[in-house]
Number of protein chains: 2
Amino acid sequence: MEIPPVVIDRLPLYTRALSTLEEEGRDVVSSQELGTLLGVTPAQIRKDLSYFGRFGKQGRGYNVRKLLDELHHILGLDRQWRMAVIGVGKLGLAILGYEGFGPQGFRIVEAFDADPKRIGQRIENLTIRAANDLEKTLLKNPVDVGIVAVPAGIAQNVIDTLVKCGVRAILSYAPIPARVPPGVYLKRIEPVLALQSMAYYLKNSPRSTAAAARS
Amino acid sequence: MEIPPVVIDRLPLYTRALSTLEEEGRDVVSSQELGTLLGVTPAQIRKDLSYFGRFGKQGRGYNVRKLLDELHHILGLDRQWRMAVIGVGKLGLAILGYEGFGPQGFRIVEAFDADPKRIGQRIENLTIRAANDLEKTLLKNPVDVGIVAVPAGIAQNVIDTLVKCGVRAILSYAPIPARVPPGVYLKRIEPVLALQSMAYYLKNSPRSTAAAARS
DNA sequence: AAGGGTTTGTGCTCACAATTACAAACCTTC
DNA sequence: GAAGGTTTGTAATTGTGAGCACAAACCCTT
Ligand SMILES: NC(=O)c1ccc[n+]([C@@H]2O[C@H](COP(=O)([O-])OP(=O)(O)OC[C@H]3O[C@@H](n4cnc5c(N)ncnc54)[C@H](O)[C@@H]3O)[C@@H](O)[C@H]2O)c1
Ligand SMILES: NC(=O)c1ccc[n+]([C@@H]2O[C@H](COP(=O)([O-])OP(=O)(O)OC[C@H]3O[C@@H](n4cnc5c(N)ncnc54)[C@H](O)[C@@H]3O)[C@@H](O)[C@H]2O)c1
């Protein structure tokens, strides 16, 4: 059975809401409540979950702890993922210092830069390696994910190198339409594109039309 | 006529490719070439553009300069947009220092933080203001876009304040399912969700299955 | 000026995703 | 233990977007 990518994209949303509920001590939650919490219809949630099994109880809802465990297992969040950051400039520094990855099982274990002033620096328990050593290091010590935060001009090059080293998931902050071979997964973070599409709505709504932009 | 949001989301992609082509001195481009450049089918591009008019010439293609101007006009990129950054921490600093916004007409004109050590600092020709002055400042000196880079816990609060100040477009980096009233546009940057959905594919492909994740 | 080679714009079809709607299952209370 | 009130899981329907295919339009060459 083939699961639609949109469904996979929503599952992490559900896990995050469930984590919050669990921290609040909640035992069960209905698709209704989860829906209003996330801005998604209850039927959507039920249908998405039904791709993977039957996790709820009629008349009652979903056991928060149980559903969270199931989703963690489905998404592969019940293990550690090793990541490398390429490009430790202004943005790379913020990424290295971000405390949101670790608790979700995503650990940054390598960082690379081309600037001689950066190479060798210790940041967040990590020693910045030379960009020249990227291939050698990753071949010896593989990572699951590559985070690309280098200037646009060399991003495709870096991505190609990552692919050659067997990296199969890439998170790219570079503003280019990067290409990867099939079997490699790429997600782009594109704040400028997001702003540009919102500009359209700003321009074309006389101060208060309905119909919010997809987020 | 109502234009599908997905179409609006693709237009900025086209403008970026066209800009590159223009810098290379190209005069005309076909939907075919633009398509392979962006990983989109030519028919998709033609259909998207046809929502707004007839910009090409049969047998020839699109005039790069002309199409770029048209798209800039359609998206509202032929003017300056004023932005405020809320939260000048690790990420906020990278945003303030990012040179990718200006050339596209998005100018950061205000920055706010709650940390006394940050308030008053001059960064990139900007003086960091106190978070307490957010409402007062924006009411006197409105901005078009708010960029939210504060901790998750207070993000909804900041967003509510922005909305109250008449901000109608918000780019949020906070990992929360923020809600805004209709007529306000919100886009979220969510690296963790992107990683989590890629984890699913990493886990469920025996090292080389086709079907790349939507990016 | 005619013909061959391109490429656009768009009606039509197909695929897929969201929503609706309801029977089945469950809990609680009396 | 029966009745009333919830909520799930899913079959069926609706809605929407992507791709196909082709006539019309254009360029260039001879
Ligand atoms: N700063 C932001 O908020 C932001 C936002 C969106 C996108 N981006 C994108 O992220 C990327 C980085 O942005 P930034 O603001 O950090 O720029 P930056 O110039 O501060 O950092 C780039 C870093 O990459 C390093 N580098 C150059 N070549 C390299 C190589 N071959 N291997 C490894 N490292 C190399 C440089 O030494 C530098 O430290 C850019 O593509 C930018 O467009 C940044
Ligand atoms: N660093 C990253 O790469 C990254 C990536 C994705 C998401 N985020 C998100 O971006 C946000 C900021 O992350 P960060 O790493 O910069 O954290 P940070 O702690 O370095 O920065 C947060 C800043 O917000 C300021 N602040 C607190 N309350 C405020 C208020 N009421 N008004 C204005 N400013 C206030 C703090 O003083 C601090 O300077 C968080 O929500 C985080 O989850 C960060």
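To find a chain, count down the sequence lines: A is the first, B the second, and so on, and within it residues start at 1. Just so you know, these numbers come straight off a predicted model, no measurement behind them.
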inquiry  = If you assign A:G59 and B:P42 each to the DNA chain C nucleotide with the nearest heavy atom, which residue ends up on the more 5' nucleotide?
reply    =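 Its nearest nucleotide lies further toward 5', so the answer is B:P42.
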ask   = 5'-most contact on DNA chain C: A:R60 or B:Y62, nearest heavy atom basis?
value =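 Here B:Y62 is the residue nearer the 5' end.
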Find the distance [X]:[atom1] to [N]:[atom2] and express it as a whole number of Å.
| X | N | atom1 | atom2 | value |
| --- | --- | --- | --- | --- |
| A:E2 | C:dA17 | CD | C1' | 15 Å |
| B:F55 | C:dT10 | CZ | C1' | 15 Å |
| B:Q32 | C:dT8 | CD | P | 9 Å |
| B:E33 | C:dT6 | CD | C1' | 14 Å |
| B:D48 | C:dG9 | CG | P | 12 Å |

task = For DNA chain D, note the earliest and the latest nucleotide, 5' to 3', having some atom under 4.0 Å of a heavy atom belonging to chain A.
result =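 So the contact region on DNA chain D extends D:dT6 to D:dA12.
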message = Do A:Q44 and A:R10 pair up side chain to side chain, a donor and an acceptor below 3.5 Å, judged on atom types alone?
response =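 A donor-acceptor contact under 3.5 Å links the two side chains.
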Side-chain contact test, heavy atoms from C-beta onward, threshold under 4.5 Å: evaluate it for [X] versus [Y] and give yes or no.
| X | Y | value |
| --- | --- | --- |
| A:V167 | A:V143 | yes |
| A:P177 | B:L37 | no |
| B:K187 | B:Y185 | no |

Residues B:D78, B:H72; criterion side chain to side chain donor-acceptor pair (under 3.5 Å); working and verdict = CA-CA 6 Å; B:D78 50 359; B:H72 273 154; over 6 Å; no
query = Would you call the rings of A:Y200 and B:F52 parallel, tilted or perpendicular if under 30° counts as parallel and over 60° as perpendicular?
reply =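 Ring orientation, 0 to 90° scale: perpendicular.
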Between CG on residue B:L126 and CD1 on residue B:I108, distance to nearest 0.5 Å =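 One gets 7.5 Å once the value is rounded to the nearest 0.5 Å.
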Gap separating the CZ atom of B:R107 from the CD atom of B:E110, nearest 0.5 angstrom =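 One finds 11.0 Å between CZ of B:R107 and CD of B:E110.
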ask   = For the side chain of B:Q156 and the backbone of B:R179, is there at least one donor-acceptor N/O pair under 3.5 Å apart?
value =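 Yes, the answer is positive, given that a donor and an acceptor are paired below the 3.5 Å cut-off.
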Nucleic acid contacts of residues 13-21 of chain A, taken as heavy-atom distances under 4.0 Å to DNA chain C =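 The stretch gives none, as no residue of it lies under 4.0 Å from the strand.
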task = Give the intermediate values and the outcome of salt bridge (Lys or Arg N to Asp or Glu O under 4.0 Å) for residues B:R60 and B:D27.
result = CA-CA 11 Å; B:R60 195 158 162 70; B:D27 266 357; over 6 Å; no
Within the sub-3.5 Å range, which N or O atoms of nucleotides 20-22 of chain C have a protein N or O partner, and how far apart are they?
unit_1	atom_1	unit_2	atom_2	d
C:dA21	N6	A:R46	NH2	3.4

message = Between A:D160 and A:K164 (salt bridge meaning N to carboxylate O under 4.0 Å), is one present in this structure?
response =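 Here A:D160 does not pair with A:K164 in a salt bridge, since their nearest N and O are not under 4.0 Å apart.
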ask   = OP1 or OP2 of C:dT10 sitting under 4.0 Å from any side-chain N/O of B:R54?
value =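 So the side chain of B:R54 is within the cut-off, an N or O lying under 4.0 Å from OP1 or OP2 of C:dT10.
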